[in-house]
Amino acid sequence: MSTNPAIQVRGLVKKYGDKTAVAGIDLTVEQGEIFALLGPNGAGKTTTVEILEGYRSANSGEIKVLGFDPATKGSAAQKWRNKIGIVLQSANDAADLTVIETVSHFANYFDNPKGTHHVINAVGLSDKENSKTRQLSGGQRRRLDVALGIIGSPELLFLDEPTTGFDPEARRSFWDLIRTLKSEGTTILLTTHYLDEAQELADRVGVINNGKIIEIAPPTTLGGRNNAPAKVIWLENGVNKEILTTNPTDEVIKLNKQFNGPIPELQVLRPNLEEIYLRMIGELK
Ligand code: ATP
């Protein structure tokens with residue numbers, strides 16, 4: 001564990017009039033970590049992330065992002081902003097600029113930008129470099145948003161539902177891009193509605209509902225998933241058999257002896273992240 005977390009939040013509260021959108025959140029994201037915030041619509045994810053980005057103000061709470069309070073203004077804030085990359089939930093406005101002009105323009109805002117062509121290539125838009133952004137499809141525009149988020153070589157990258165509108169292939173190549181950024185040391189805070197995305201990318205997942213964190217854990221152990229009963233399935237005399245057990249290893253050893261060798265069509269299934277998540281937010285019994 002690093003002594004200086006990339007993000008440290010204690011008791012974060014945000015109200016809109018009478019509505020409490022964020023009801024006292026504690027959160028630590030370590031340097032170099034990919035952290036995914038999961039939660040249903042209206043849970044408070046975007047509010048939380050936009051407070052961390054300095055775009056909204058909190059009612060109360062202690063917040064440190066790269067050691068800095070995002071509510072601070074002035075030249076120190078400018079320096080801090082240089083180390084942060086942001087991909088907001090809403091896609092950027094379509095414009096008459098081309099992809100390469102847009103990315104080059106953004107690069108000028110940063111002290112240490114990545115190469116324009118390198119970034120356009122990394123998000124899979126090389127063949128659209130000279131297209132006007134208003135001519136891009138929804139998914140392509142979202143890729144451009146991601147390019148603008150990473151052009152400044154951020155230490156910390158915020159991604160609010162980054163792959164909405166991506167086709168499956170684009171999502172896979174986006175995941176590769178995120179893994180590359182992680183391997184280069186970038187810390188990433190991601191919100192997503194895609195459980196497979198959280199499973200693929202996140203070191204830890206925070207589940208948020210009604211403005212509160214329900215649990216923070218790696219995707220493999222969230223909601224006691226690793227200890228949940230497993231289903232052992234096999235074929236016996238042409239009939240599918242299954243048993244629910246907390247000790248699938250013993251069951252498999254027993255079957256292995258029974259069959260005196262390989263167990264026909266053996267499967268051992270744990271509840272997937274989606275089932276666990278839906279149970280946690282009360283949508284599945
Ligand atoms: P989604 O998955 O739909 O993006 P979310 O988890 O990001 O949802 P938020 O956008 O943070 O949720 O919203 C949390 C709550 O705060 C919701 O009830 C929402 O209606 C409310 N809210 C968000 N922004 C505002 C605002 N500017 N003014 C008033 N209420 C707001």
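What you see below is based on every heavy atom in this structure, not just the backbone, and it leaves out hydrogens, waters and symmetry mates. Source: prediction; values computed, not measured. Residue indices begin at 1 and follow the sequence shown. Ligands are counted one by one from 1 in listed order, and the atoms in each one are counted from 1 as well.
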(message) Between E275 and R270 (salt bridge meaning N to carboxylate O under 4.0 Å), is one present in this structure?
(response) no
(message) Holding to side-chain contact (heavy atoms from CB on, under 4.5 Å), I want the full list of residues that pass it with K231, two or more places apart in sequence or in another chain.
(response) I233, E242, L244, L269
(request) Scan residues 63-73 for pairs that pass side chain to side chain donor-acceptor pair (under 3.5 Å), counting only residues two or more places apart or in two chains. (result) none
(message) Show me, by chain and number, every protein residue that has a heavy-atom distance under 4.0 Å to ligand 1.
(response) Y16, K19, A21, P40, N41, G42, A43, G44, K45, T46, T47, R56, Q89, E161, H193
(request) Kindly confirm or rule out a cation-pi arrangement of R143 over F174, judged by NZ or CZ under 6.0 Å from the six-membered ring centre and within 45° of its axis? (result) no
Side-chain donor-acceptor pairs under 3.5 Å in residues 206-222, sequence neighbours left out?
from: E215; atom 1: OE1; to: G223; atom 2: N; distance (Å): 3.2
from: E215; atom 1: OE2; to: G223; atom 2: N; distance (Å): 3.3
from: T221; atom 1: OG1; to: P218; atom 2: O; distance (Å): 3.4

(message) Quick test of your reading of the model: are D160 and K45 salt-bridged, counting only N-O distances below 4.0 Å?
(response) no
